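Note that the structure is a prediction, hence the values are computed from the model and not measured.
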Amino acid sequence: QLRTSRGNEPLPTALAPQGMTVVYSVLETQTVIWISTETGRVTRRVPVGNQRVTQLVREFRADLDDSAKSAELYRTLILPFADLAHRQRQLTIVPDKALHALPFAALRDAAGRFLVETHTIEIATSPVFDSVSEVMSRDASAVIIGNPAIPAEYIQELPSLSAAQREAGTIASLYPS
């Protein structure tokens, strides 16, 4: 059975109670970090793209004792929202691309403390994956995503995918409801 969702329904966001959810999007030339707390949402951008992030993660995983790589990853991925994180004990991290392989708990701040020493860390799946999993759990025969609605406060530079939406509609018509 196909369950379709038409219209501009926003993607769900996970939010840890008494905590902070950090969603990463590693793009070609930058990394966008969306931070959600009980009091609101903030977006931070770091001018470090996919190639460099992948290289840093690979090098750090090869030598977890490399304090220079740990510090650089901390500065790139955690420091941009550290002003908000110091008030939160729980961090729910939604990684992207190479960040799925990063042991966030092993990152060290400028004082040499591991991130896990100052925060409880939970690694979550992507909200998109969670949405697809929920639809599939309802005995759907297909999940077709064509033009997900992403609120403007999360990312401004992505255009609407109207052609993908039309293609998804065409494919959906092949599956009777």
Side-chain angles (χ1 to χ4, degrees), residues 8-62 64 66-133 145 147-161:
N8 293 326
E9 298 173 19
L11 294 174
T13 57
L15 181 58
Q18 286 94 43
M20 167 183 287
T21 298
V22 182
V23 180
Y24 291 94
S25 182
V26 181
L27 305 175
E28 185 176 337
T29 60
Q30 67 178 328
T31 298
V32 181
I33 307 169
W34 294 288
I35 303 103
S36 296
T37 67
E38 295 99 1
T39 59
R41 297 181 182 139
V42 177
T43 303
R44 303 285 163 88
R45 296 169 190 279
V46 180
V48 179
N50 186 45
Q51 186 175 6
R52 180 67 179 148
V53 167
T54 300
Q55 177 185 8
L56 284 169
V57 170
R58 186 179 306 122
E59 290 173 358
F60 181 58
R61 284 183 53 89
L64 293 175
D66 186 339
S67 58
K69 289 289 182 268
S70 177
E72 186 172 355
L73 282 161
Y74 187 94
R75 282 191 308 274
T76 301
L77 302 171
I78 307 300
L79 195 58
F81 63 88
D83 60 318
L84 303 170
H86 78 277
R87 292 181 243 139
Q88 307 292 331
R89 178 77 183 129
Q90 169 79 33
L91 290 182
T92 300
I93 296 173
V94 183
D96 185 34
K97 297 182 181 146
L99 298 181
H100 285 280
L102 179 64
F104 281 89
L107 299 182
R108 293 178 184 251
D109 64 15
R113 291 175 302 201
F114 289 108
L115 185 60
V116 73
E117 291 181 75
T118 57
H119 296 85
T120 301
I121 301 169
E122 176 183 12
I123 305 297
T125 58
S126 164
V128 173
F129 178 80
D130 291 341
S131 298
V132 169
S133 296
I145 301 172
N147 189 13
I150 301 173
E153 71 256 21
Y154 285 121
I155 192 160
Q156 289 89 19
E157 74 265 7
L158 293 180
S160 174
L161 303 173

*Asks:* With a 4.5 Å limit on heavy-atom distance, are the side chains of Ile35 and Thr21 in contact?
*Replies:*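 When only atoms from C-beta onward are counted, Thr21 and Ile35 do not touch, as no gap falls below 4.5 Å.
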
*Asks:* For the residue pair Ile78 and Leu107, establish whether any side-chain heavy-atom pair is separated by less than 4.5 Å.
*Replies:*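 Side chain of Ile78 against side chain of Leu107, heavy atoms only: contact under 4.5 Å found.
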
*Asks:* By the salt bridge (Lys or Arg N to Asp or Glu O under 4.0 Å) test, which pairs, at least two apart or in different chains, include something from residues 75-84?
*Replies:*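 Those involving residues 75-84 are Arg44-Asp83.
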
*Asks:* Under 6.0 Å between ring centres, would you say that holds for Phe104 and Tyr24?
*Replies:*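 When the ring centroids of Phe104 and Tyr24 are compared, they turn out to be within the sub-6.0 Å range.
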
*Asks:* Could you tell me the separation between the NZ atom of Lys97 and the CG atom of Leu102, rounded to the nearest 0.5 Å?
*Replies:*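 Separation between the atoms: 15.5 Å.
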
*Asks:* Checking Asp109 against Leu115 for the side chain to side chain contact (heavy atoms under 4.5 Å, CB included) test, could you report, in this order, the C-alpha distance in whole Å, the side-chain angles of both residues, the deciding distance, and whether it holds?
*Replies:* CA-CA 7 Å; Asp109 64 15; Leu115 185 60; over 6 Å; no

*Asks:* Test side chain to side chain contact (heavy atoms under 4.5 Å, CB included) on Ile93 and Ile121 and set out the steps.
*Replies:* CA-CA 7 Å; Ile93 296 173; Ile121 301 169; 3.9 Å; yes

*Asks:* Indicate the atoms forming the closest heavy-atom contact of Phe60 with Pro103, along with that distance.
*Replies:*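 Nearest pair, atom of Phe60 first, then Pro103: CE2-CG, 4.0 Å.
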
*Asks:* Side chain to side chain contact (heavy atoms under 4.5 Å, CB included) between Asn50 and Leu27: does it pass, once the steps are laid out?
*Replies:* CA-CA 6 Å; Asn50 186 45; Leu27 305 175; over 6 Å; no

*Asks:* Measuring from atom NE2 of His119 to atom CD of Gln90, what distance do you get when rounded to the nearest 0.5 angstrom?
*Replies:*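 If I round to the nearest 0.5 Å, the distance is 10.0 Å.
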
*Asks:* Is there a side-chain contact between Arg61 and Lys69, using heavy atoms and a 4.5 Å cut-off?
*Replies:*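 Sidechains of Lys69 and Arg61: no contact.
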
*Asks:* Answer yes or no: is there an ion pair linking Arg52 with Glu72, defined by an N-O contact shorter than 4.0 Å?
*Replies:*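 Judged by the 4.0 Å cut-off on N to carboxylate O distance, Arg52 and Glu72 do form a salt bridge.
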
*Asks:* Crowded around Gln51 CD? As in, over 12 foreign heavy atoms under 6.0 Å?
*Replies:*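 Counting neighbours around CD of Gln51, 12 or fewer heavy atoms of other residues, nucleotides or ligands fall under 6.0 Å, so no.
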
*Asks:* Taking the side chain as every heavy atom from C-beta outward, state whether Ile33 and Val23 have any atom pair closer than 4.5 Å.
*Replies:*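 They are not in contact (no side-chain heavy atoms under 4.5 Å apart), so the answer is no.
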
*Asks:* Where do Ser70 and Ala106 come nearest, in terms of heavy atoms and distance?
*Replies:*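 Taking every non-hydrogen atom into account, OG-O, 3.4 Å.
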
*Asks:* Between Ala98 and Val57, what is the shortest heavy-atom contact and its length?
*Replies:*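 For Ala98 versus Val57, the nearest heavy atoms are O-CG1, 3.6 Å.
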
*Asks:* Could you walk me through whether Val22 and Val94 satisfy the side chain to side chain contact (heavy atoms under 4.5 Å, CB included) test, starting with their C-alpha distance in whole Å, then the side-chain angles of each, then the deciding distance to 0.1 Å, before giving a yes or no?
*Replies:* CA-CA 6 Å; Val22 182; Val94 183; over 6 Å; no

*Asks:* Do Glu122 and Thr92 meet the criterion of a side-chain donor-acceptor pair at a distance under 3.5 Å?
*Replies:*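 Their side chains do contain a donor-acceptor pair, which is all the 3.5 Å distance test asks for.
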
*Asks:* Quick one, Thr31 and Arg45 - any side-chain contact, counting heavy atoms below 4.5 Å?
*Replies:*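 Answer no - side chains too far apart.
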
*Asks:* Less than 4.5 Å apart, any side-chain heavy atom of Ile123 and any of Pro95?
*Replies:*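 Yes - at least one pair of side-chain heavy atoms lies under 4.5 Å apart.
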
